[in-house]
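Structure first, commentary second.
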Amino acid sequence: MQISVIGSGRMGSGLVKTLARVYSDLLWVGLDSGEVVHKIRDLGLEGRVEAATHVQGFQTDIVILAMWHRDMPAFVEQHRSQLAGKIVINIANPFTADFNDFTTPWDTSAAEEFQRMAPEARVVGAFKNTFWAVFDDPSFPEGEADCFVTSDDADAKAIVMKALSGLPFRVLDGGSLKNSRTIERMTLFSREVAVRYGFYPRVTWRLLGQEKRENRKVRYLVTSTRTAQFDPSYIPAHYAFLNHLQDEGRIEFYGPFSDQTGGAYLLDAASLDDAQALADSDPLVVSGSSSASVKMWTTGRR
Ligand SMILES: NC(=O)c1ccc[n+]([C@@H]2O[C@H](COP(=O)([O-])OP(=O)(O)OC[C@H]3O[C@@H](n4cnc5c(N)ncnc54)[C@H](OP(=O)(O)O)[C@@H]3O)[C@@H](O)[C@H]2O)c1
């Protein structure tokens, strides 16, 4: 996988610094290649990043356009044939020069406009909410900065998400290209508020409290309640039953209630019926000493 960055301004420099942590064959394209060579030297990235022409840049797998939205029409006209079939990351925010408004109507975004201008390109939106100063250290006390990846081309999005996965960002699927409208607008809002409170430009987003899907699991919460016929002589058999389930890795927690009315355990089972059948095979339940009620419980860590 080879990546090129076109544009040698603040975002281009930040992206190159970040990508060079993972990639050792980056190409960096600027309008002035001599200036790019100097920047590579100043950043201490010789050997990992090479100054390149636009033609060379378009030969890589992924091209990141670190340029302004207003420069895109001329760029597309000039490179139309090279854009065909190419995965292109659009990071542009269509802000007015005074950062007070948008140059695009509300029913579109810079990413969608780029796709409209270059229909043959495989356009992916990313890094729109990442202000340039964040690239120096995308880690915040709350966690890594979020990088939302949008596209209408599912394969292109998956390739980009994989390519960015080693970077010090939390790379999230941002859905369709249309969602760039929201991201671009939220970015201008974030900028305004961050400037007001004095923490611009080291400002980005992280969606807090998001549950990690991979941690979500359906389990069964079994509550065992003593009946009027409770017979303590069945307690050893009950614990043998629970120990056996634990040895099989089928229960995570179990224990008695402190008020001596029964107990509960968290069971791994194929279905609610299976869980109920298993709970009903507890010697305490079979003997009529306790009754078991089972609830399906989707558990997760935050
Ligand atoms: N700044 C941020 O924090 C931030 C955050 C998120 C997204 N963005 C987006 O990132 C993009 C770049 O922002 P920036 O702050 O990096 O702007 P910048 O510092 O002004 O850099 C823009 C760069 O694009 C270059 N460029 C223009 N046309 C080009 C072409 N045809 N080929 C190669 N390079 C070309 C410019 O070269 P010259 O200087 O030689 O003209 C300049 O180096 C913008 O679309 C912006 O909305 C910025």
Side-chain angles (χ1 to χ4, degrees), residues 4-19 26-40 42-43 49 51-58 60 63-80 82-83 86 88-104 108-115 117-118 121 123-138 145-150 164 169 174 180-195 199-205:
S4 63
V5 175
I6 301 186
S8 56
R10 294 173 301 179
M11 289 297 280
S13 302
L15 282 160
V16 163
K17 271 190 284 184
T18 298
L19 290 162
L26 286 173
L27 296 188
W28 197 2
V29 182
L31 289 175
D32 179 345
S33 61
E35 191 196 320
V36 174
V37 170
H38 283 129
K39 286 193 175 181
I40 293 171
D42 291 349
L43 293 170
V49 184
T53 63
H54 286 84
V55 172
Q56 290 167 325
F58 273 112
T60 60
V63 178
I64 307 182
L65 298 182
M67 297 160 42
W68 288 98
H69 179 59
R70 60 174 178 263
D71 292 327
M72 296 302 184
F75 182 84
V76 168
E77 274 320 302
Q78 206 174 344
H79 301 287
R80 188 169 291 286
Q82 293 156 304
L83 283 163
K86 188 57 59 185
V88 179
I89 300 184
N90 178 288
I91 68 165
N93 289 316
F95 303 156
T96 53
D98 59 4
F99 294 97
N100 240 336
D101 213 334
F102 300 91
T103 61
T104 47
T108 187
S109 60
E112 291 167 279
E113 288 305 296
F114 187 85
Q115 182 71 85
M117 285 185 264
V123 180
V124 177
F127 295 112
K128 288 174 184 279
N129 61 310
T130 311
F131 288 100
W132 90 93
V134 169
F135 288 109
D136 288 334
D137 182 9
D146 282 344
C147 172
F148 296 99
V149 183
T150 59
L164 302 181
F169 284 85
S180 306
R181 299 174 191 182
T182 309
I183 298 170
E184 293 171 10
R185 282 169 171 78
M186 274 296 291
T187 300
L188 186 58
F189 172 71
S190 314
R191 184 186 187 281
E192 182 191 318
V193 175
V195 167
F199 50 87
Y200 178 81
R202 197 173 144 64
V203 52
T204 188
W205 315 337

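Start at 1 and go down the list; that is how both ligands and their atoms are numbered. Keep in mind the model is a prediction, meaning the values are calculated, not measured. Positions are given from 1, in the same order as the sequence printed here. Computation of the quantities below employed the complete heavy-atom set of this structure, encompassing side-chain atoms and omitting hydrogens, waters and symmetry-equivalent molecules.
In Phe199, the CZ atom is crowded: over 12 heavy atoms of neighbouring residues, nucleotides or ligands sit closer than 6.0 Å.
Note: Phe127 and Phe135 have tilted aromatic rings, judged against thresholds of 30 and 60 degrees for the angle between ring planes.
When all heavy atoms are compared, the tightest approach of Val36 to Val29 is CG2-C, 4.4 Å.
Remark: Arg181 pairs with Glu112 by the salt bridge (Lys or Arg N to Asp or Glu O under 4.0 Å) rule, at least two apart or across chains.
Each of Arg80, His79, Lys86 was compared with Gln82 under the side-chain hydrogen bond (donor to acceptor under 3.5 Å, both in side chains) criterion, and only His79 meets it.
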Anything under 3.5 Å between an N or O on ligand 1 and a protein N or O? List each pair with its distance, or write none.
residue	atom	partner	partner atom	Å
ligand 1	1 (N)	Arg10	NH2	3.4
ligand 1	3 (O)	Trp132	N	2.9
ligand 1	15 (O)	Arg10	NE	3.1
ligand 1	15 (O)	Arg10	NH2	3.0
ligand 1	16 (O)	Arg10	N	3.2
ligand 1	16 (O)	Met11	N	2.7
ligand 1	17 (O)	Trp68	NE1	3.0
ligand 1	19 (O)	Arg10	N	3.0
ligand 1	20 (O)	Trp68	NE1	2.9
ligand 1	32 (N)	His54	NE2	2.9
ligand 1	43 (O)	Ser8	N	3.3
ligand 1	43 (O)	Gly9	N	3.1
ligand 1	45 (O)	Met67	O	2.5
ligand 1	47 (O)	Asn93	N	2.9
ligand 1	47 (O)	Asn93	O	3.3

Please report the C-alpha distance between Leu65 and Met72 in whole Å, then the side-chain angles of each, then the deciding distance to 0.1 Å, and finally whether the side-chain contact (heavy atoms from CB on, under 4.5 Å) criterion is met.
CA-CA 9 Å; Leu65 298 182; Met72 296 302 184; 4.1 Å; yes
